[in-house]
Amino acid sequence: MAVPDMPPLTARRPQRARRRALLTGAIGAFGLITALATAIPAVAAESTLGAAAQQSGRYFGTAIASGKLGDSAYTTIAGREFDMVTAENEMKIDATEPNRGQFNFSAGDRVYNWAVQNGKRVRGHTLAWHNQQPGWMQQLSGSTLRQAMINHINGVMNHYKGKIYAWDVVNEAYADGNSGGRRDSNLQRTGNDWIEVAFRTARAADPAAKLCYNDYNIDNWSWAKTQGVYNMVRDFKSRGVPIDCVGLQSHFNGNSPYNSNYRTTIQSFAALGVDVQITELDIQGGSATTYANVVNDCLAVPRCTGISVWGVRDTDSWLGSGASALLFDGNGNKKAAYTAVLNALNGGTTTPPPGGGDEGQLRSTASGRCVDVPNAGTADGTAVQLWDCNGQSNQQWEQTSAGELRVYGNKCLDAAGTGNGARIQIYSCWGGDNQKWRVNSDGTIVGVQSGLCLDAVGGGTGNGTGLQLYSCWGGSNQKWTYTA
């Protein structure tokens, strides 16, 4: 981004044929993912990020700068690859209300018009923020500043009413460090209810737009800042304050690295009844593995509705081209991270061809044994197991358009609970989320209801080993291949 939304880094922490699709990726010396394929045959892989994300009902977007819309290389990539646009700076406070009560939407409209003319939706960023305030606003305080904030929200949202998919209503209102409290800012000093007022004002201004709280360094579930924002959202939901989504900026770097509990963070916010959007993703060094992990974490949580990277090419990044933080290099070439993301998006879909997908065996990567219904049983509640692969009907699984894994045509792979250790069994298909599964390109199969992984109990590899739900941790007993 041209002006950072975060402190300096020093302050930051197919055809129906007999085939096998190998899920696990082999990572080369330079972090190249040489194999990321789907476990269960699905709709033919899409060739662009936005189209691949749409297979699972999500979007994949980018930040656009109005000053670069004259660059044909820039617009060619952006127009081809992404289906959601965020204005990088053009809808912020200083750009839209440079003088008090005098609004200027020329730059914001340029980004908006380019987006819709190219078939894309738009996220609005941002309405209330301690940073990038025009000089006149910086000089206000107390009730005068509070009213100016309300007037600004109304002015901007009325201009774009009915046109914006989601707004980052409030941006970066929580403090860094271990307090878990609010950031000291001129807006905070107008009273602790200022965020609530901003959201209520925004709902009244445009009831159709999703209303988001957006922040950085709220990706790691163990951090105090994450917990502070979580507690605010929980409070808002309990009191009926209108909040629809939480935006995780997800600027990952050495001081604020991707953590394996990222999925827990997404799941925890989603469990409060809000959507989660990854709003400003960039990863210093451009690790393909980390990019794939982020996408798979989002795909594992139904209410993670989309991902946006903060810029198109490395040369467009607010971090500078040397950070190599995005999916395209300065010449517009696709990087290894791009391939990893596209493969993950294509692998994460659970939409098979119309009428259902191929039947085949689910085989444990760790043991080579198949998911099996003991003694070809058909009774509801029969626990499944690992057993030597034999090609019989009790080892033939078909994925449906609803994301079920069916055996015998009418029995579903069913989770008997939502916590670690919940038994995996067969049960008459009835459409519950405990019978729906998301297939990820890292080899995991995740329960839609629980967000937990299909797991061989105790890392077992022998005949008769039971299956359960368990927190995803990357072990080979949670990796599966498919033979159709």
Side-chain angles (χ1 to χ4, degrees), residues 5 86-87 91-93 96-97 103 108 122-133 137 140 142-175 180-216 218 225-249 266 268-280 303-306 308:
D5 269 14
T86 305
M91 293 185 186
K92 291 175 180 174
I93 309 169
T96 52
E97 194 177 1
F103 291 87
V122 178
R123 296 189 78 261
H125 176 77
T126 176
L127 297 169
W129 188 25
H130 69 278
N131 205 349
Q132 283 183 253
Q133 294 179 0
M137 182 175 281
L140 303 182
S143 60
T144 306
L145 175 59
R146 174 67 66 87
Q147 190 59 50
M149 177 193 77
I150 293 171
N151 293 344
H152 179 79
I153 294 172
N154 282 324
V156 175
M157 293 193 75
N158 285 335
H159 178 77
Y160 291 108
K161 187 172 183 178
K163 299 178 178 180
I164 301 295
Y165 163 70
W167 274 104
D168 293 331
V169 178
V170 174
N171 201 46
E172 302 175 1
Y174 273 73
R182 299 279 184 89
R183 177 191 299 275
D184 179 30
S185 70
N186 59 349
L187 291 169
Q188 179 63 28
R189 291 191 291 273
T190 68
N192 202 53
D193 64 338
W194 75 273
I195 300 178
E196 177 176 346
V197 169
F199 274 89
R200 292 193 183 279
T201 302
R203 176 65 88 224
D206 188 354
K210 288 183 176 292
L211 309 181
C212 307
Y213 176 81
N214 190 55
D215 216 328
Y216 66 89
I218 59 169
K225 185 174 181 180
T226 309
Q227 295 300 311
V229 174
Y230 174 85
N231 289 333
M232 178 191 72
V233 176
R234 181 173 59 184
D235 172 61
F236 279 11
K237 294 298 291 185
S238 72
R239 296 192 293 110
V241 179
I243 183 170
D244 304 307
C245 44
V246 172
L248 308 182
Q249 291 186 15
I266 298 173
S268 298
F269 277 114
L272 294 177
V274 295
D275 291 344
V276 178
Q277 298 171 8
I278 301 172
T279 56
E280 304 182 21
R303 293 202 70 155
C304 184
T305 56
S308 293

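In this chain, numbering begins with 1 at the start of the sequence shown.
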Within a strict 4.5 Å, meaning less than it, do heavy atoms of the [X] and [Y] side chains meet?
X      : Y      : value
Glu97  : Val156 : no
Tyr174 : Met232 : yes
His152 : Phe103 : yes
Phe199 : Val170 : yes
Val233 : Val274 : yes
Trp194 : Arg189 : no
Val197 : Met149 : yes
Arg303 : Val276 : no

Shortest non-hydrogen contact from [X] to [Y]?
X      : Y      : value
Val169 : Thr126 : O-OG1, 4.1 Å
Thr279 : Gly247 : CG2-CA, 3.6 Å
Arg200 : Gly240 : NH1-O, 3.9 Å
Cys245 : Gln277 : SG-NE2, 4.1 Å
Tyr213 : Ile243 : CB-CD1, 4.1 Å
Lys210 : Asp244 : CA-OD2, 3.5 Å

Look up atom [atom1] in [X] and atom [atom2] in [Y], then write down how far apart they are to the nearest 0.5 Å.
X      : Y      : atom1 : atom2 : answer
Leu127 : Asn214 : CG    : CG    : 11.0 Å
Cys304 : Leu248 : SG    : CG    : 7.5 Å
His125 : Cys212 : NE2   : SG    : 11.5 Å
Asn151 : Arg146 : CG    : CZ    : 12.5 Å
Ile93  : Ile153 : CD1   : CD1   : 8.5 Å

- [ ] Scan residues 153-169 for pairs that pass salt bridge (charged side-chain N to carboxylate O under 4.0 Å, His left out), counting only residues two or more places apart or in two chains.
- [x] Arg123-Asp168

- [ ] Using side-chain hydrogen bond (donor to acceptor under 3.5 Å, both in side chains) as the criterion, point out the one residue from Thr190, Asn192, Asn186, Asp184 that pairs with Gln188.
- [x] Asn192

Backbone N or O of [Y] within a donor-acceptor pair of the [X] side chain at under 3.5 Å?
X      : Y      : answer
Thr96  : Lys92  : yes
Asn231 : Gln227 : yes
Arg183 : Ala173 : no
Asp275 : Thr305 : no

TODO: Using the test ring-ring contact (aromatic ring centres under 6.0 Å, His included), find all partners of Phe236 that sit at least two apart in sequence or belong to another chain.
DONE: none

Task: Passing candidate, side-chain contact (heavy atoms from CB on, under 4.5 Å) with Met157, options Thr201, Ile164, Leu211 - done: Leu211

TODO: Would you check, one step at a time, whether the test side chain to side chain contact (heavy atoms under 4.5 Å, CB included) holds for Ile218 with Gln249?
DONE: CA-CA 8 Å; Ile218 59 169; Gln249 291 186 15; over 6 Å; no

- [ ] Any chance you could lay out the side chain to side chain contact (heavy atoms under 4.5 Å, CB included) test for Tyr216 and Glu280, step after step, and finish with the verdict?
- [x] CA-CA 9 Å; Tyr216 66 89; Glu280 304 182 21; over 6 Å; no

Task: Stacked cation flag Lys225 on Tyr230, 6.0 angstrom / 45 deg - done: no

